[in-house]
Protein chains: 2
Amino acid sequence: MLTISQLARYAGVTVRAVRHYHAIGLLPEPCRDHSGYRRYDAGAVVDLIRIRMLAEGGVPLSRVHQLLDAGGEEFAAEVAEIDRRLRADIRERQHHRRQIARLAAGDSLALPAEAVAYLERMRELGFPDRVIEIERDSWILIAAQMPDEIPVLMAIKHATLEHETLRRHYLSMADLADCSPDDPRLPSLADRVADFLEAASTVATAVAADAAEEEPVVSEELSALLDTVFVESFPCAARLLELLEDRGWTGWTSVRRMEPVLPRRCEEA
Amino acid sequence: MLTISQLARYAGVTVRAVRHYHAIGLLPEPCRDHSGYRRYDAGAVVDLIRIRMLAEGGVPLSRVHQLLDAGGEEFAAEVAEIDRRLRADIRERQHHRRQIARLAAGDSLALPAEAVAYLERMRELGFPDRVIEIERDSWILIAAQMPDEIPVLMAIKHATLEHETLRRHYLSMADLADCSPDDPRLPSLADRVADFLEAASTVATAVAADAAEEEPVVSEELSALLDTVFVESFPCAARLLELLEDRGWTGWTSVRRMEPVLPRRCEEA
DNA sequence: GTCCGAGCCTGACCCTGCGTCAAGGTCAAG
DNA sequence: CTTGACCTTGACGCAGGGTCAGGCTCGGAC
């Protein structure tokens, strides 16, 4: 007859674990000797070892109970399920390893390297810090939602930045940063933005075609969030969007040419 | 500005988790709007994404805190450590997968495939169920304590089973199952067991030599446990062991030839 | 105006799988 | 008779949140 600590040693678990299994009814309480000590037979070691095998395979203790009673059919199904879970766990950990590696390599935690380079280039070209900050925050959000599309998206942005006319337009839009909603410069700013959008869309299409990919589509939700970031970051943003609609463009992040609807044109007057 | 649920969605965590991080001081509480709602900027998304990257890598939240503040040097060391842990985790899970696979292949829990085959062979040869059950439990215990030795041990047992004379002896020992301590067949059973032991030891040595390994040594402790299983399983076991001592053998699991001590011989009379 | 569903707030308890005291009773050896 | 190793029950603690409960607020539809 074994004491609890002998039992535990044989099965390779702690005494506390054994008592825990008793408490949750997983291992039946054995009989007690005259002084109240638990006394186990060798069968208990076998039971305990079986429990451990399943528990170490990641089976929750509550399920181990049913599993040990289960017949071959049911048991095989359960085992298959456990194996699936283990495989998923392994894949997950491998993914985390890659993440962590990137985290160690790039100095920026939430931004992919391409985006870091892009922001750096903006700084070189003299964009205001405020604008760059908003760009950065936006790219963090984009990277979080659609990491795979980042390369193509960044290629488009880079091409825009290195395109002479577009860069000039883009830089001239920097007024954005310090306009109030009733600033007299706004209509002319809107004109410049409209010109920019016109030219930029063809560049984007060309770059995407070059990369032999279709231009990535930003989800409605993400688009809305980025628009919110934009509107909240610049006091004049809401008004600017109105002016852009007058000029035939709707949206900001996912900007689209509007169909020339007459009633709209009327509102313009 | 984002609400807590937007923040959570963008970082891929639950709202509850965000609040938890606030509670433990991992993520700073943002400012509140007029009605007490938390309002986040995109920077919070960055913070949260960094926290998740580390947490998902298995870093305890308490350490994530220090890690995010740590400089490049210290940080790199920590990341290496995390990676090491992830690799170990992956290996562990792969081990469990193998365990589970074996567990599914053999229909018996906690038994290596070789042992399952051995028990199957015993069943074919007509050993009583009770005897086979005890064998099974014993092998579970052995496999738990010295899994690496199982192949050699099983090879020995298999050889014993396929050895004509030995098999005959072994089968004839099946009386064991239903003898009481004062059964008249016991002395003759003891004779047969003694014969068996004599022959078996040479087979064991030969098989081990064939496998180019030394015959595995079962630890004193395990030996004692297995003897206990034996004694508890068969009512006549204790008496049989006495009779065997009379015949010059001591122990059961790790049976040894006794030195011919005269006082013992006297007891026989 | 008001009504509804969705979203926010705090506070509190629940879960797993044990670890870790606390406060005592027991056992075998010296 | 003491000492130290074990045993007992009971209780609280941990991470990392999940899940109410009970109440306030928001935005849109009617």
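Heavy-atom basis, side chains included; hydrogens, waters and symmetry copies ignored. If you're wondering where the values come from, they're calculated on a predicted model, not measured in any experiment. Reminder, nothing fancy here: chain letters follow the sequence lines and each chain counts from 1.
Protein chain B touches strand DNA chain C; the 5'-most and 3'-most nucleotides with an atom under 4.0 angstrom of its non-hydrogen atoms are C:dG7 to C:dA12.
Listed by chain and number, the residues in a salt bridge (Lys or Arg N to Asp or Glu O under 4.0 Å) with B:R39 are B:D33 (sequence neighbours excluded). For A:H22, the ring pair (Phe, Tyr, Trp, His ring centres under 6.0 Å) criterion is met by A:Y40, not counting sequence neighbours. For B:V15, the side chain to side chain contact (heavy atoms under 4.5 Å, CB included) test picks out B:I4, B:S5, B:A8, B:R19, with sequence neighbours left out. Remark: A:F234 engages A:F230 in a ring pair (Phe, Tyr, Trp, His ring centres under 6.0 Å) (not counting sequence neighbours). Annotation: side chain to side chain contact (heavy atoms under 4.5 Å, CB included) contacts of B:E242 (sequence neighbours excluded): B:R239. Residues that satisfy the side-chain hydrogen bond (donor to acceptor under 3.5 Å, both in side chains) test with B:Y10, not counting sequence neighbours, are absent from this structure.
The minimum heavy-atom distance between A:R247 and A:P187, with the atom names listed, is NH2-O, 3.5 Å.
Near DNA chain C, defined here as any heavy-atom distance below 4.0 Å, the residues from residues 27-48 of chain A are A:H34, A:S35, A:Y37, listed numerically. Listed by residue number, the members of residues 5-12 of chain A with any heavy atom below 4.0 angstrom from DNA chain C form an empty set.
Atom-to-atom, CD of B:E56 to P of D:dG16 comes out at 12 Å; the value is rounded to the nearest Å.
Using a 4.0 Å heavy-atom distance criterion, A:I4 is classed as a sugar-phosphate-only contact. B:I24 comes within 4.0 angstrom of nothing in the nucleic acid, heavy atoms only.
Looking only at side-chain heavy atoms (C-beta outward), B:D41 and A:D137 stay at 4.5 Å or farther from each other. For the pair B:L48/B:Y21, a side-chain contact is recorded, criterion being any heavy-atom separation below 4.5 Å from C-beta on.
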Report, one line per pair, each donor and acceptor closer than 3.5 Å where one atom sits in a side chain of residues 60-70 of chain A; sequence neighbours left out.
unit_1 : atom_1 : unit_2 : atom_2 : d
A:R63  : NH2    : A:E78  : OE1    : 2.8
A:R63  : NH2    : A:E78  : OE2    : 3.4

Under 3.5 Å, which donor-acceptor pairs do the side chains of residues 79-87 of chain A form with other protein atoms, sequence neighbours left out?
unit_1 : atom_1 : unit_2 : atom_2 : d
A:E81  : OE1    : A:R84  : NH2    : 2.4
A:D83  : OD1    : B:R97  : NE     : 2.9
A:D83  : OD2    : A:R87  : NH1    : 3.1
A:D83  : OD2    : B:R97  : NH2    : 3.1
A:R85  : NH2    : A:G58  : O      : 3.3

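Between B:Y21 and D:dG16, a side-chain N or O to OP1/OP2 separation shorter than 4.0 Å is absent.
A salt bridge links A:D178 and A:R185; the closest N-O separation between the charged side-chain nitrogens and carboxylate oxygens is under 4.0 Å.
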Taking N or O atoms only and anything under 3.5 Å, show me the protein contacts with nucleotides 18-22 of chain D, one pair per line.
unit_1 : atom_1 : unit_2 : atom_2 : d
D:dG18 : OP2    : B:T14  : OG1    : 3.0
D:dG18 : N7     : B:R16  : NE     : 3.3
D:dG18 : O6     : B:R16  : NH2    : 3.1
D:dT19 : O4     : B:R16  : NE     : 3.0

A:W249/A:E245 under side-chain hydrogen bond (donor to acceptor under 3.5 Å, both in side chains): CA gap, chis, key distance, verdict: CA-CA 5 Å; A:W249 295 93; A:E245 294 216 341; over 6 Å; no
